Amino acid sequence: MNKTININLGGIFFHIDEIAYQKLKLYLDAIRRSLSDDPQGRDEILNDIEHRIGELLSERVKDERQVVNENDIDEITKIMGKPEDYLVDEEIFEDEPSYRPKSSSKKLFRDGEDKFLGGVSSGLAHYLGIDSLWVRLIWIVLVVAGFGTGIPIYILLWILIPEATTTAEKLQMKGEPVNISNIEKKIREEFQDVSSRVKDGVNDVTSKVRNTEFQNKAKSGLQDVIETLTKIFLAIFNVFGKFIGALLILVASLTLIGLIIGAFSWGGIEILGFGEEFVTYPPFVFDSIMPSWLIIIFGFIAIGIPFVVLFMLGLKIISSNVKSFSTTTKLSLLGIWIISLLGLGLAIADFATRTAYDGVHNQTEELPLIASDTLKVKMIGNDNLSTYKELRRRYNSETVIDNDIQKLYSTRINVDVKPTDNTIGYVKIRKESEGKSRLSANNDAESIEYQFNLNDKNLELNGYFLSDFKHKFKDQLIDVTIYLPVYSLIYLDNSTRTFLDDVDNIQEIRDRDMPKHYYKMTENGLECLDCDPDIFGDSFKRDNEHFNLNIDRNGLEIKVKDNDGGDAEIKLDENGLIIK
C-alpha cells in the first residue's frame, strides 16, 4: 500500500502515489537545475512544461479518483523527451532506453502574433501548412464573389477557435513536438523578440530624453489626445490600405483571367486555323500588314503586364513578406511591354492609312420605261445567308458563308426616286468604300457584290450586298437612285419602307409613310395619287387649305374656297360633270 499525495499541476488537480511524486519531482528539479545557469525565462519554461505534463496526465486519468502511478510518469517523460543539453540526473533515467521524441499532431488555434483581425487566417495557414497570404486571399474571394458570406463564417471561426496563448499551444499550432527542448527554444525566441523591442524602445526614449524640449516640458493632455487620434487614424488607414490591396488583387485577377480566356478564344483559334468566323477582332486587326494572331498577342501583353504589376502591388500591400520582382525580371517585362506597344501602334497606324481615302464606283442601267408605264419597286433579301428575320436597313454587318467563302452581309442601302429629262428611265448604283489610297478605295468599292432585276415593269432591288470580310471597317454602303420620266407612275412596295432615303415629294410625305401607294412623277418630285391627306406634311396642308383635289375610283372631285367665304365644287364621275 502506497501513500498518495494531492498535487496541482498546470491548474489541474491529481492524486499521485508517493513514488511517482518523487520521480516527477526529481524530473522537474533536473530541468530546473539545467536552466540555473541561464535563469532568463526559467519560471515561464517550467510553467509551460508543468502545463503540458498536466494535459498529458489528464488524458490518461479517466476518473478523478484514479491515482497517477510510476508507469504514468515514465510514459510522460518519454513524450516530453530528455534533451542531451539538459543536466538531468543519470540515476533517474539510467535504465531507460534511448528514443526520439514523438512528433505532435497539429491543433487548430488562432495565431495572435500574426493577425490582421482575429488571427483566424494565420491559424488556418499553420494547420493547412500554407502561407497565410493565400488564406487571406480566399477570404477576400468569399466576401466579394460570395456576396459577403465569408464575413459571418470568419466571425464564427473567430468565436469558436481558441487563441494560442501558451508556449505549448503555439507549438501544437505549428505541429512541433511539445517537449522540453522546443518549449525552451520557443520561449527564448519570444524573450529575444521582447528584448529587441525593449532595446528599440529604450533607444527611442533616450533620443527623446536628449531633446531639450522633452527634458524641460512634460507632455500635455492635448498632446496625449493628438497621439491617440493619430494612432486611430493610422489604424484606419492601415485597414483601408489592406482593402485597397485586396481590391487591386481582385481587379487584376479578374482581368488576367479574362485575358487568358480571350487568348484561347481569339489567338488560339486563329493559330489552330479554325477561321475568323468564330471570333470578333478589333478594327485594326482586319487587312493588316501583320498576322492577326500576332496583333492579338501584342494586345494581351500590353494589357496583361500592367495588371500583373497591380497584382503584385496588391500582394505587397496585404503582406510585406511578398518579394518583389528581380531587376532582371522588371527590365525584361518592361522591354516586352514596350515592344508590344510599338507593335500595336504600328497596327493602328496602318489601320488609319487603310481608311484615309473615300472611293466610289458608279453603275448605271437603263429601265425600258416610258411616261405612261407604271414601275413597281420591291426590295428582296436572302434567307439562306442572313439570320435576321426581317429585311430592313441596318448599319452593322453580318458575317456569312457564301460558296464556302467568308463574306460580309450588309443591308446599308439607301433608295431614292428622282425625275429625269430623258424619255426613258434608268437606275444608278453608287458603291462607296474607304481605302489606303484613292485607287485602292475605288477598287474596294467596285468589288462590292450587288444585283437588281427588272421583270415586266417590276424592279426587284437586292436589300443587301456582299463584300470581302477584310473590308468590315471600311464604311461601305450603296446608294440606289431610280430616275423616272415626268408623268410616269411608280408603286413602292412595303419592303422599301426602311430603305427610302429622303425621297422628294410635293405633299411632304415622310419616307416611312410612302410605301403601299401609287405616285406620279412631276418636275418637282413625286405626287401621291391615293394617299390619305392625314399623312401630308403640315406646311403642304396650310398651303392647300383652300384647294382640295381628290382622285379615286369614284372619279374626280375638286373643292375650292376663297378668302371671302365662298366655295365651289367640281365633280366628275360616271354621271357626268357636276359644277356647284
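Values in this document were obtained by computation on a predicted structure and should not be read as measured data.
Under a 3.5 Å cut-off, the side chain of K407 and the backbone N or O of L466 do not form any donor-acceptor pair. D511 contributes a side-chain N or O that, together with a main-chain N or O of D502, makes up a donor-acceptor pair within less than 3.5 Å. Side chain of N382 to backbone of N384: a donor-acceptor contact under 3.5 angstrom is found. Using modelled atom types, no side-chain atom of Q406 and backbone atom of F469 make a donor-acceptor pair closer than 3.5 Å. For the pair R110 (side chain) and I161 (backbone), a donor-acceptor distance under 3.5 Å is present. When atom types are taken as modelled, the side chain of S332 and the backbone of T328 share a donor-acceptor pair closer than 3.5 angstrom. No donor-acceptor distance shorter than 3.5 angstrom exists from the side chain of R430 to the backbone of V360, with no hydrogens or angles considered. The backbone N or O of I405 sits nowhere less than 3.5 Å from a side-chain atom of N403 that would complete a donor-acceptor pair. Side-chain atoms of N455 do not come within 3.5 Å of backbone N or O of N453 as any donor-acceptor pair. In this structure, T411 contributes its side chain and R392 its backbone to a donor-acceptor pair below 3.5 Å.
In this structure, I413 and F499 approach most closely via the heavy-atom pair O-CD2, 3.4 Å. Taking both residues in full, the closest heavy atoms of E523 and P419 are given as O-CG, 4.1 Å, listed atom of the first, atom of the second, then distance. Residues P306 and I303 approach most closely at CD-O, 3.3 Å, considering heavy atoms. Closest approach of H517 to Y491, counting heavy atoms only: O-CD1, 3.4 Å. Of all heavy-atom pairs between G435 and D444, the closest is CA-OD2, 4.3 Å. Residue A445 comes nearest to G359 through the heavy atom pair CB-O, 4.0 Å, listed as atom of the first residue, atom of the second, then distance.
Using a 4.5 Å cut-off on side-chain heavy atoms (C-beta onward), M312 and V309 make no contact. Side-chain contact between V503 and L492: absent, with no pair of heavy atoms (C-beta onward) separated by less than 4.5 Å. At least one side-chain heavy atom of L315 sits less than 4.5 Å from a side-chain heavy atom of L133. By the 4.5 Å heavy-atom criterion applied to side chains, Y519 and M514 are counted as neighbours. Side-chain atoms of T498 and M379, non-hydrogen and from C-beta on, never get closer than 4.5 Å to each other. Residues I380 and N462 meet the side-chain proximity criterion, which asks for heavy atoms closer than 4.5 Å. No side-chain heavy atom of N422 sits less than 4.5 Å from a side-chain heavy atom of E366. Inter-residue side-chain proximity for Y518 and L489 is flagged as unmet; no heavy-atom pair is nearer than 4.5 Å.
Dense packing is recorded around CZ of F452, with more than 12 heavy atoms of other residues, nucleotides or ligands lying under 6.0 Å away. Counting non-hydrogen atoms of neighbouring residues, nucleotides and ligands closer than 6.0 angstrom, the CG atom of N396 exceeds 12 such neighbours.
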Does the pair L454 and V427 meet the rule for a side-chain contact (heavy atoms from CB on, under 4.5 Å), with working shown? CA-CA 10 Å; L454 179 63; V427 58; over 6 Å; no
Test side-chain contact (heavy atoms from CB on, under 4.5 Å) applied to I509 and C531, step by step: CA-CA 9 Å; I509 303 173; C531 294; 3.8 Å; yes
Please test S467 against Q476 for side chain to side chain donor-acceptor pair (under 3.5 Å), starting from the C-alpha separation and ending with a verdict. CA-CA 9 Å; S467 180; Q476 294 182 332; 2.6 Å; yes
Are L124 and L108 close enough, and set up right, to give a side-chain contact (heavy atoms from CB on, under 4.5 Å), and what steps lead you there? CA-CA 7 Å; L124 289 172; L108 184 58; 3.9 Å; yes
Quick one, E398 with T387, criterion side-chain contact (heavy atoms from CB on, under 4.5 Å). Give me CA distance, side-chain angles, the key distance, then yes/no. CA-CA 9 Å; E398 181 182 3; T387 58; 2.5 Å; yes
Side-chain donor-acceptor contacts of residues 248-256 below 3.5 Å, not counting sequence neighbours, with atom names and distances?
unit_1 : atom_1 : unit_2 : atom_2 : d
S253   : OG     : I249   : O      : 2.6
T255   : OG1    : V251   : O      : 2.8

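One distance of note links OG1 of T496 with NZ of K376; it measures 13.5 Å at 0.5 Å rounding. Once rounded to the nearest 0.5 Å, the distance linking OH of Y450 with OG of S410 reads 11.5 Å. Put simply, CG on L334 and CD1 on I339 are 10.0 Å apart, with the number rounded to the nearest 0.5 Å. Rounded to the nearest 0.5 angstrom, I424 CD1 and D373 CG are separated by 11.0 Å. For the atom pair CZ (R393) and CG (L477), the distance works out to 10.0 Å, reported to the nearest 0.5 Å. A distance of 10.5 Å separates CG in L408 from CD in E449, rounded to the nearest 0.5 Å.
Sorted by first and then second residue, the ring pair (Phe, Tyr, Trp, His ring centres under 6.0 Å) pairs involving residues 366-416 (not counting sequence neighbours) are Y409-Y464.
Comment: R412 engages D475 in a salt bridge, judged by a side-chain N to carboxylate O separation of less than 4.0 angstrom.
Aromatic ring orientation, Y426 versus Y483: parallel (interplanar angle below 30°, classes split at 30° and 60°).
Not counting sequence neighbours, T327 has no partner by the side chain to side chain donor-acceptor pair (under 3.5 Å) test.
A donor-acceptor pair shorter than 3.5 Å can be found between the side chains of S495 and D493.
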